[in-house]
Every structure is written in structure tokens, then in C-alpha cells.
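What follows is a single structure, written as C-alpha cells, with notes after it.
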Amino acid sequence: MIDRAALASWYLEHARALPWRAEPTPYHVLLSELMCQQTRVETALPYFERFRARWPTVADLAAASEDEVVEAWAGLGYYSRARRLHQAARSAVARGGLPPTAAELADLPGIGPYTAGAIASIAFGEAVPAVDGNVDRVLARWHGVEEAVDSPSGKRAITAHAAALHADRAIAPGVLNQALMELGARVCKPRSPTCGTCPIRSGCTAREGDPSRFPVKRPRKAPVAITGVAGLLDRDGRTLAVRRAGTGLLGGLWGPPAVLEVDHDDLDALARAFADAGFSVRAAVPVATVRHVFSHRDLSCRVYRIEAEEAGGRGAAWSDVRWEPHGRGMSSLGRKIVAAGRADAPLLAADSRIL
DNA sequence: AACGCGGGGTC
DNA sequence: GACCCAGCGTT
């Protein structure tokens, strides 16, 4: 059995002072947990502060428009989280507040097994596990779990170990769950864990051998290489930006007109993209090629500087169009494309093509 | 069980 | 480059 008292006292001494820990209201925990899904705490921190300042209560967030929320999320990635956070906020307000149990919380959009357990234990004190990547690692190592933690059976095994720690509620559930996560982030790290300082090294299976052998994971597929084109059209120091339609890759996100899954020199596709934004392209000059890796796609995108005139009309590719002064509110890919155009790279006149 | 979905830090 | 991060929802 893991020495829970040692784990808890280690946590109380070493816990980072995170803003949602200072005041772990259900709304703050909801916000932080959604932002931290597959995202480092340090990355989510400034977003949490901005959201909390702009929408201090769950009712404020529910009253915002989805577009506002997605735009405020820009740069954080996995944008369906933003839409689901907004939906969850509206749902919570409609039912008079966030429900206090993991079972009910799991019914809300964006809240799966981990997040439900985290909110229920941290904000409401329910004795339920919250198994994230850190807990996977800590418990797989301690118990020597040989099954892949990203398989259903492996996840069940880890969850059972985590649940057992709450058996007699010797430690406050929120403290225990956060202690496991904090330990995974600070001590029981993926590579070169510092076992010598671990408060629960006694009894740990992996410490006897090679800790980095755990947790076992299924092999992941490499991102598929794709190409695409993007165009920069400037006017009065601003760049033409479009909002991508749909909820697929970068759906709802702002950026310069870009077409994915077409060749680097597919100027017809680029011209159609601008036509959908209401512009007729006269010339396109290649200025850069940017690479952007998503979790499942490895994109090489050729960036063109565009000359065009207003033609009116709009196609279905974009849900909105505007002139964007800074690149704020854009996806990271969008900002990268804008930056490529601002760079002092020489124009590739030899590749220039007039439409 | 596999896939779609972002972005960035770290070694 | 590879790995992985306070994962979830769909198929």
C-alpha cells in the first residue's frame, strides 16, 4: 500500500501555488481542468487568468457567445474544448450550478472520467479517482502495471488502484488526487525521475528496475505529411483574416485564408479561397514555406503574398471575414503564416506567377 | 480499439 | 527528432 500520509505531507509542502488552488471553486476547477486537458499547467496559466478576469463567474461565461470564447481560447489548441466549456457553463447555469458528483458531472460536454473525478474531488470533496497522465505513470510504476495504460483494461487497472487509495478517506480526496498528479509532474517524471526524493519510493515496483519502462503505452502513429497554401493580403497595415467554418481541424479559428491538402503550387485553390472571402486575385508571389505539426498532421504550407481586388460575394469555406491588425485571436498556424510574411525573407521572384 | 483534435516544452 | 502533457468524443 502506498504511504498516503507521506504522499499528502509531501504535497502540502511542495504544491505549486496555482491560482485555482488558492480558490478552488467549482467554476475555477472546471475552467482549469478543461484548459489543462493534454496541456501543460504552465501553458494554461495565462489563459486561466484571462478567462477568470473576463468571465468571473460561470454565469458570465454562459452569457458570452461561443465565438468570443473560442477566440479567447486561440493558441491553446484542441478548440472543441472551448466550445464544450461554453456548453458546460450554459448547462450548469440552466440547472442552477455545477452538479457535485462525478457521475453527474460526466454528463456535461467536455467532462470525461478524469475531469469529472477532478472537479468532484477537488471542488466538492467526493472520494473518487482522477486519473490523468501523471497518475497513469505514478501508479503504473508503483504497482508495476504491464498493461498499456492507454488501453481500456490498463486504464481500468490504474483507476482501480487510484480508487483504492480513497477507501477509508484517510486523506482528503482532492488533496490525494492532486498529490498524485503533482508527484508525477515534479518527481515521478517521464524521463529521469528523481526516485531518491520520492515520498512513496518504499514499495515502488519500478524503483527496483528501470522506472522509465513504465507506463507501458501503445505505439502511436506518426503524423501524416500534408501540404497546403496560404495567402497574405495586406491593406493599411492589416491582414485579411477569415474564420474557418465547421468544427474540424481549426474549425472556428481565425487566420489568413489557407487551404490544406493541396499542392504547394495550387494557385487555383488559393484563388478560390480568396474568392470565398470576396476577393479576386491578380497576383500571388511565394514568400515562405512554413511547417506546422499537429498531433495527426505534419503540414508544410507555402505562403504567398497576394494582390487582389474586392469582388464581393462570399463562399462557404469561411464563416466570417475581417481585417486583422496583429494576428491576435488567430490559431498558432495563422500567427505563424502572418509572421512568415513579415519576415525579411527575399521574395522568390523566380517562382512568381501572375494569375 | 482506433481516430480526430493543437500546441508547445523538454531532452 | 521523439515524447508527452491535469483527455474527450466519435466511429
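Chain letters run A, B, ... following the sequence lines, proteins first and then strands; every chain starts at 1. All heavy atoms count here, side chains included; hydrogens, waters and symmetry mates do not. What you see is a predicted model, and the numbers here were worked out from it, not measured in a lab.
Looking at heavy-atom distances under 4.0 Å, A/Arg335 makes contact with sugar-phosphate atoms alone, never a base. Note on A/Gly248: only backbone sugar-phosphate atoms sit closer than 4.0 angstrom, heavy atoms only; bases stay farther off. Nucleic acid contact for A/Ser295: base, since at least one base atom lies under 4.0 Å from a heavy atom of the residue. Using a 4.0 Å heavy-atom criterion, one finds that A/Ser32 contacts no nucleic acid atom at all.
Between A/Asp67 and A/Arg243 there is a salt bridge, since a side-chain N of the basic residue sits under 4.0 Å from a carboxylate O of the acidic one.
Between the base of B/dC5 and the side chain of A/Arg297 there is no donor-acceptor pair shorter than 3.5 Å. The base of B/dG7 does not come close enough to the side chain of A/Thr39 for any donor and acceptor atom to sit less than 3.5 Å apart.
Of the candidates B/dG7, C/dC3, B/dG6, B/dG7 carries the atom nearest the A/His292 side chain, counting heavy atoms from C-beta on. Each of C/dC5, C/dA6, C/dG7 was ranked by its minimum atom distance to the side chain of A/Gln37; first place goes to C/dG7. Of the candidate nucleotides B/dG6, C/dC8, B/dG8, C/dC8 has the atom lying nearest to any side-chain atom of A/Pro113. If you check B/dG4, B/dC11, C/dG7 against the side chain of A/Thr115, the one that comes closest is C/dG7. For A/Phe294, the side-chain atoms get nearest to B/dG6 when compared with the rest of B/dG6, B/dA2, C/dA6. The side chain of A/Arg218 lies closest to B/dA2 when the candidates are B/dC5, B/dC11, B/dA2.
Of the two residues contacting DNA chain B, namely A/Thr43 and A/Arg81, the nearest-nucleotide position lying further toward the 5' end is that of A/Arg81.
At whole-Å resolution of the value, CZ in A/Arg244 and P in B/dG6 are 10 Å apart.
Spacing between B/dC3 and C/dA6 at atom P, rounded to whole Å, works out to 25 Å.
Taking the six-membered ring for Trp and thresholds of 30 and 60 degrees, A/His161 and A/His143 have nearly parallel ring planes, at less than 30 degrees apart. Between A/Trp10 and A/His14, the ring planes lie parallel to each other; the angle is under 30°, not in the 30° to 60° tilted range.
The closest side-chain donor-acceptor pair between A/Gln178 and A/Arg21 falls under 3.5 angstrom.
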